[in-house]
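Take a look at the structure set out below.
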Number of protein chains: 2
Amino acid sequence: MVTRKERAALTRAALLDAARRVFAERGYLGTKITDITAAAGRSTGTFYEHFADKDELLTALMADLENDADIGIEHLEGEHDLTDRAHLRAHIAVFVTVYRKHLPVIVARLQSTMAADPSTGSAWRTLYDETGSFRRHLEYLSEKGHRLPGDPALLAAAMGAMMSMLGYSLFTAGDHGPAYGDDAIVDALTDLLLNGLAGAGQ
Amino acid sequence: MVTRKERAALTRAALLDAARRVFAERGYLGTKITDITAAAGRSTGTFYEHFADKDELLTALMADLENDADIGIEHLEGEHDLTDRAHLRAHIAVFVTVYRKHLPVIVARLQSTMAADPSTGSAWRTLYDETGSFRRHLEYLSEKGHRLPGDPALLAAAMGAMMSMLGYSLFTAGDHGPAYGDDAIVDALTDLLLNGLAGAGQ
DNA sequence: GTCTATACTGGGATAGAC
DNA sequence: GTCTATCCCAGTATAGAC
C-alpha cells in the first residue's frame, strides 16, 4: 500500500536525483526545468508542486552537501594547528572528497553564485561563509601569537577561493584537462600553502 | 568634416564604453543588449551593425585588457626566480593592478566563462591559458632542479584560481565586504604563496 | 498529485524606412 | 549607419482535467 504522501516523496526524490544528473551534464544555468522533469520521468507541471523554482531545488540539494561537509570537518575542529602538515592536509582532503562526491551540486552552486548580480557582493558573502573553518583556525593561531602573512579572514578566503575555483576547473575538465590523482592534488595544495614555493626546495 | 567611417568608429567606441559601465553595475549575464545601447544613447538595431552578439563585444573588450596585462608582465619574463619575494610580489601586484583597472571586463569574462557548459572543460582551458606566465616560471625552476610542491601546471593553475576568485569576490564586494588596501592583499598573497602558513612565523 | 495543453514574458535578433 | 517597429523563440509558469 503506497500512500499519496509516499508517492509525493518519491517524486520529489526523483526530481532531486534527476537534477543532479542533468546538472552534471549541462550545469545549473544550462538546465531547464523541463530537462529535470524529463530526466525524472515526470511532467512539467509536477515540478511546481514540489519546488517554487530551480533555485529552491538547488537549496534542497545543498542541504545534503552541507551535512556531509559538516561531518567531514567535525572532528577537525577544536584547537588544532593548521601549520601542522597532517592537519592542514586533512582539511584539504575533506574538501576534495566532498567536491568529488557532490560535484554536480557544487558546480550548480558556483554557477548560481557567479551568475548573481556582482554588485550585491554575494560572491564575497558565499566565500566568507564557506571558509569559516579555516578562518577560525587561523584566528586561533593568530591569538596564540603566531605571525600570519595576513588577516585571517583574507587568508581563509584566499585558500577557499583557490580550492573552489581550481576544483571547479579541474573536476569539470574531464578529458579536456590533465589527469591528476586526488592525492597529487591534495599534496600539492597542502605543500603550497604550508611551505610555499620558497620552502619547498629544502 | 566627419566621415561616415569616423561616426561609425565613434558609435562603436560608445558602445564599448557603455558596456563597461553597465557590466560594472549589473554584470555580464544581467546585462541586456538594450541596456548597453540605452547607456550609449544609441538604438537597439545599431548594436548589431558593430557586433554579432554580446559575446563578440566582450572579446573586443578583452583585447584591451590583454594588451595591458602583457605590458605589465613583459619585463617580468625571462629567467627570473619566482621564489624571490620581490619577483613573486611584482607578479601578483600586476595582477591586482590589472584587475582593479579592468574590473568590469574581468567580471564579465569570469561570469561568461562560468556560465558556459561545464562539461566542455572551458573553465580549465581559460585558467590554463591565463596562467602561462606562472607556469613557465615554475617549469624553469623545476628544470633548474628546484623541488616544487607539485606539477608546475597544477601549481600555476592553483595560484591563478586563488587570485581570480579572490579578486572577483573582494573587488565586487564593495560596501558589503571588508576594506583591505591593495598592498595588504598583495603582501598577504605573496607571503602565503612564498612561505606558506608554517614559514611565516619565523 | 500528476498529467496535458497553453498562456505569458523577457530578450535576442531582423526588416525596412530614413 | 542609424533608427523604429516588430517578429520570434526559449523557457517559465499556470489552468484545468483526471
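As a basis for the values below, the full set of heavy atoms in this structure was taken, side chains included, without hydrogen atoms, waters or symmetry mates. Every chain is numbered from 1, with letters handed out A, B, ... down the list of sequences.
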side-chain hydrogen bond (donor to acceptor under 3.5 Å, both in side chains) assessment of A:His102 paired with A:Asp64: CA-CA 9 Å; A:His102 295 275; A:Asp64 291 9; over 6 Å; no
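Of the possible polar contacts, none joining the A:Thr172 side chain to the B:Gly121 backbone as a donor-acceptor pair under 3.5 Å is found.
In summary, contact between chain A and DNA chain C, defined as any nucleotide atom under 4.0 Å from a heavy atom of the protein, begins and ends at C:dG1 to C:dT4 in the 5' to 3' direction.
For B:Asp35 and B:Arg21, the salt-bridge test fails: no basic side-chain N is under 4.0 Å from an acidic carboxylate O. With salt bridges taken as basic N to acidic carboxylate O contacts below 4.0 Å, one links B:Arg136 and B:Glu77. Under the 4.0 Å criterion applied to side-chain N and carboxylate O atoms, A:Arg26 and B:Asp117 are not assigned as salt-bridge partners.
Between the side chains of B:Asp81 and B:His87, no donor N or O sits under 3.5 Å from an acceptor N or O.
With a 4.5 Å cut-off on side-chain heavy atoms, B:Phe23 and B:Val105 do not count as touching. Side-chain contact between B:Arg7 and B:Thr11 is absent, with no heavy-atom pair separated by less than 4.5 Å.
Rounded to 10 degrees, the angle separating the terminal helix axes of the helix from C:dG1-D:dC18 to C:dC18-D:dG1, each built from five base pairs, is 10°.
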Going 5' to 3' along nucleotides 7-14 of chain D, which nucleotides have protein heavy atoms under 4.0 Å from the base (write B), which only from the sugar-phosphate (write S), and which from neither (write -)? ----SSBB
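Relative to the ring axis of B:Phe47, B:Arg42 does not place its NZ or CZ within 45° and under 6.0 Å from the centre. Relative to the ring axis of A:Tyr128, A:Arg135 places its NZ or CZ within 45° and under 6.0 Å from the centre.
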